[in-house]
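For reference, the structure is listed below as structure tokens.
Just so you know, these numbers come straight off a predicted model, no measurement behind them. Note on naming: letters A, B, ... go to the chains in the order of the sequence lines (proteins, then strands), and numbering restarts at 1 for each one.
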Amino acid sequence: MLRSSSIQMERVITSSSSASIPPIADLSSPNHHHHLPLVLHRLESCKSMQELKQIHASVIKSRPLQTQLVFSKILSFCALSPFGDLHYARSLFRSIQTPNQHIYNTIIRGFSNSSKILEESLFFYREMLDYGFLPDNFTLPFLLKACARLRAIREGKAIHVHAVKTGLESDVYVKNTLMRLYAVCGEIDAVQRLFDKTPQRDLVSWTTLISGYAKMGFPKEAIRVFLEMGDANLIADEVTIVVVLSACSKLGDLDLGWRIHRYIDENKVRLDVFVGNALVDMYLKCGDVEFAYKLFEEMPERNIVSWNSIISGLVQQGEFKEALVMFRRMQAKGLEPDDVTLVGVLNSCANLGALELGKWVHLYVGRNRIKADGFIGNALVDMYAKCGSIDQALEVFSSMQCKDVYSYTAMIVGFAMHGKGERALSLFSEMSRVGIKPDEVTFVGVLSACSHVGLVDEGRRHFEDMSRLYHLHPQIEHYGCMVDLLGRAGLLEEAEEFIRSMPIRPDAFIWGALLGACRIHGKVKLGERIANHLLELEPERDGAYVLMSNIYASASRWRDVLKVRKEMKMRKVKKTPGCSMIELDGVVHEFRMGDKSHPRAREIYMMLDEVIQRLKNEGYVAQTTNVLLDVAEEEKEHALCRHSERLAIAFGLISTSPQTPLRVVKNLRVCNDCHTVTKFISKVYEREIVVRDRNRFHHFRGGLCSCNDFW
DNA sequence: GTAGGGTTAG
């Protein structure tokens, strides 16, 4: 570590005029039949260390005129070329008796470019100062760039002091690298202060400032600075535009995106591959998927980032199947995915329940030495958990070297979804023990864990701890979890009181959670009141109607059920169609309620009939109270039979060998009757069945479900 | 011989 005092700036600065000037290298060599231009020419075309060593040897032997200059050139090659060798550079440097400033800068630059530690470049820097040289406008940017790369803010600040003392702070290169240092270390105010301090600023300074704001999570500020830049009569170039576009992506502001696109056209900013990628990303993040596709197709040049941008953008828009289609297209072109691609693919798998493909990615990562760092590891944990393989998720999680808040949260949310509330909570305490701070999302996991297993007191305590101990502000999701927790536990009055005391306006999810609790506990009166709140907030959606009609049906109030149905018709409210997915041999099959479009639909429905017959023999009786209609019991039963998860399960039964576990993902909540049916199937057909509904997992085995019928 | 760029997580 560099201590500011260890660099004797005072001595250097005050005594620089009288500092001992190193003797000049031996210019008068007796033996100079080697032509200097020839050596320099050979160096220019040099492509390997082997070749370089030959040149070096011949120079030592023949000692041409200006040996120092030639050594300097050789050093540049060793220290800076991709074919170079820093060890060789170091010993070569040591062989130069009296290095000049340029030579010092070269060795410092060499080590600051590639070394994982700062020590080495700082060592040469100190030596240079001891020699009586002052840092110049080249020295400091080299050092500062290394500090930025290694996030070494302490050392960087010490260098900053030198910049001030030497007056180099106002050099635009020094200033820009200083700004970048503070930006990557998160000190955005320091960046702005440096920018404001002196009038020496160019397009790079503006771009660095904009990028700093964008990366620190202040995209609005970034755009503000961009507009100011226009007022100062500067025109953005490709680099500035890329940064501005990424700020716009973060804002998700399509109007702004169009304005920037127009700016690009009007100012003839070149559409290089960076700008193209940034545009594709911006259109996706701002929601114009079609235009993003169009741009992508028209791009004259595409690289891996272009593909990653479109894949991750689609994932972010919830277009998981499309994302996988693009991934396949990319593979068909012979392009190898990198870690960023695979994170997007894993995310799609997680959402589609595509376990087979997810496993393939896991293998691919292992085989191809893909950087299995935080991003990939966390995405794997999430994928396994969301695909129903909680044990695999835990295995990946346990094997991870560096776990962060994302890893812990993924695992906690995973446990919560699988109804393993105690595991989730014990992992949460482990997290605090090892000193990883939870954030808002962690608490969503913790609170939903409590809710799924009915740990009311635990939940209340964690909710309070959130602000008291961790200084996190509860958001609407956290209030939602609490309403859910209290409501399910039957504490409906407390839940309603809780909603009244919320500092945020309750949204549809909050009222929906309470209404759901009314359904579980058969509270008709309260339900009616809540349903009205919900209908005010979203009259066009079916949630309130469906829950209300279920509540009436449970109370056998068929006339009210009919009224709700009429009203739905009158207001043209469409029911969200139930949809279930099952993956077989890497292909995701999708079923809607009553779907007959599947090629094997006939077999599937025949299987379903057979299943129901067998279950009835085993004592199953259909529970029809959750069906909307007041129609003959038989017909209701028929409606139930067509629920999408049953189609998916029947398809799984006829398409896989006995005892293969079935994994189904459903977009809505599982209804009571389907839950019972699935329990029966797991026993009668001896199948493990894992169903993920919109809230959580149900592991069916031997006639029982992991949720203990509490969901 | 110096500086600013796009894509990734719960």
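Between A:Cys286 and A:Cys248, the shortest heavy-atom distance links the atoms SG-O, 4.0 Å. Across every non-hydrogen atom of A:Ala214 and A:Ala247, the tightest pair is CB-CB, 4.0 Å.
A:Tyr125 and A:His162 share a side-chain donor-acceptor pair at under 3.5 Å.
When each of B:dT7, B:dG5, B:dT2 is scored by its nearest atom to the side-chain atoms of A:Val340, the top-ranked nucleotide is B:dT7. Here the nucleotide nearest the side chain of A:Ser312, chosen from B:dT7, B:dG1, B:dG5, is B:dT7. In this structure, the nucleotide among B:dG4, B:dT7, B:dT2 sitting nearest to the side chain of A:Arg109 is B:dT2. Of the candidate nucleotides B:dG5, B:dG10, B:dT7, B:dT7 has the atom nearest to the side chain of A:Val305. Considering only the side chain of A:Asn105, B:dG1 comes nearest among B:dT7, B:dG10, B:dG1.
Residue ring and nucleobase are stacked for A:Phe138 and B:dG1, with a centre distance beneath 5.5 angstrom and an angle between planes beneath 30°. An aromatic stack links A:Tyr406 and the base of B:dA9, using centre distance under 5.5 Å and interplanar angle under 30°.
Atoms CG (A:Asn100) and C1' (B:dG1) sit 12 Å apart, rounded to a whole Å. Separating the CZ atom of A:Phe415 from the P atom of B:dG10 is a distance of 18 Å, rounded to the nearest angstrom. The distance from atom NZ of A:Lys371 to atom P of B:dT8 is 14 Å, rounded to the nearest whole Å. Residue A:Leu472 contributes atom CG, which lies 19 Å from atom P of B:dG10 at whole-angstrom precision. Protein atom CG of A:Leu380 is 13 Å distant from nucleotide atom C1' of B:dG10, rounded to whole Å. Atom P of nucleotide B:dA3 and atom CG of A:Leu234 are separated by 20 Å, given to the nearest angstrom. Going from atom NZ of A:Lys73 over to atom C1' of B:dG1 covers 9 Å, rounded to whole Å. As a whole-Å value, the separation of A:Asp136 CG from B:dT2 C1' is 9 Å.
At a cut-off of 3.5 angstrom, the base of B:dG4 holds at least one donor-acceptor pair with the side chain of A:Asp237. Side-chain to base pairing of A:Asp202 with B:dG4: no donor and acceptor N or O lie closer than 3.5 Å to each other. In terms of polar N and O atoms assigned as donor or acceptor, the side chain of A:Thr207 comes within less than 3.5 Å of the base of B:dG4 in a complementary pairing. Remark: the A:Thr106 side chain and the B:dG1 base include no donor-acceptor N/O pair separated by less than 3.5 Å.
Residue A:Leu203 is classed as a base contact, given a heavy-atom separation below 4.0 Å to a base. Among the heavy atoms of the strands lying under 4.0 Å from A:Asp281 are primed sugar atoms or P, OP1, OP2 only; no base atom is included. Residue contacts for A:Ser205: at a heavy-atom cut-off of 4.0 Å it reaches no nucleic acid atom on any strand shown. Nucleic acid contact for A:Val243: sugar-phosphate only, since backbone atoms but no base atoms lie under 4.0 Å from a heavy atom of the residue. Among the protein residues, A:Val280 comes within range of no part of the nucleic acid, since none of its heavy atoms lies under 4.0 Å from any strand. Using a 4.0 Å heavy-atom criterion, one finds that A:Lys285 contacts the sugar-phosphate atoms exclusively.
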Subject >> Evaluation steps, ring pair (Phe, Tyr, Trp, His ring centres under 6.0 Å), between A:Phe397 and A:Tyr384 >> reply: CA-CA 10 Å; A:Phe397 176 79; A:Tyr384 277 122; over 10 Å; no
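At B:dG10, one or more side-chain N or O atoms of A:Asn347 fall inside 4.0 Å of OP1 or OP2 (strictly under the cut-off). For A:Lys215 and B:dG5, the shortest distance from a side-chain N or O to OP1 or OP2 is below 4.0 Å.
Of the residues in residues 171-194 of chain A, those placing a heavy atom less than 4.0 Å from an atom of DNA chain B are A:Tyr173, A:Asn176, A:Thr177, A:Arg180, in numerical order.
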Going by atom type alone, with no hydrogens or angles, which donor-acceptor pairs under 3.5 Å involve a side-chain atom of residues 309-320 of chain A and a protein atom two or more places apart or on another chain?
from	atom 1	to	atom 2	distance (Å)
A:Ser309	OG	A:Val305	O	2.8
A:Ser312	OG	A:Asn308	O	2.4
A:Gln317	NE2	A:Leu284	O	2.7

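Aromatic ring orientation, A:Phe77 versus A:Phe83: parallel (interplanar angle below 30°, classes split at 30° and 60°).
Residues satisfying the salt bridge (charged side-chain N to carboxylate O under 4.0 Å, His left out) criterion with A:Glu477, sequence neighbours excluded, are absent altogether.
Within a 6.0 Å sphere centred on CD of A:Gln401, other residues, nucleotides and ligands contribute 12 heavy atoms or fewer.
Of the residues A:Tyr88, A:Phe71, A:Tyr104, the one that meets the ring-ring contact (aromatic ring centres under 6.0 Å, His included) test with A:Phe93 is A:Tyr104.
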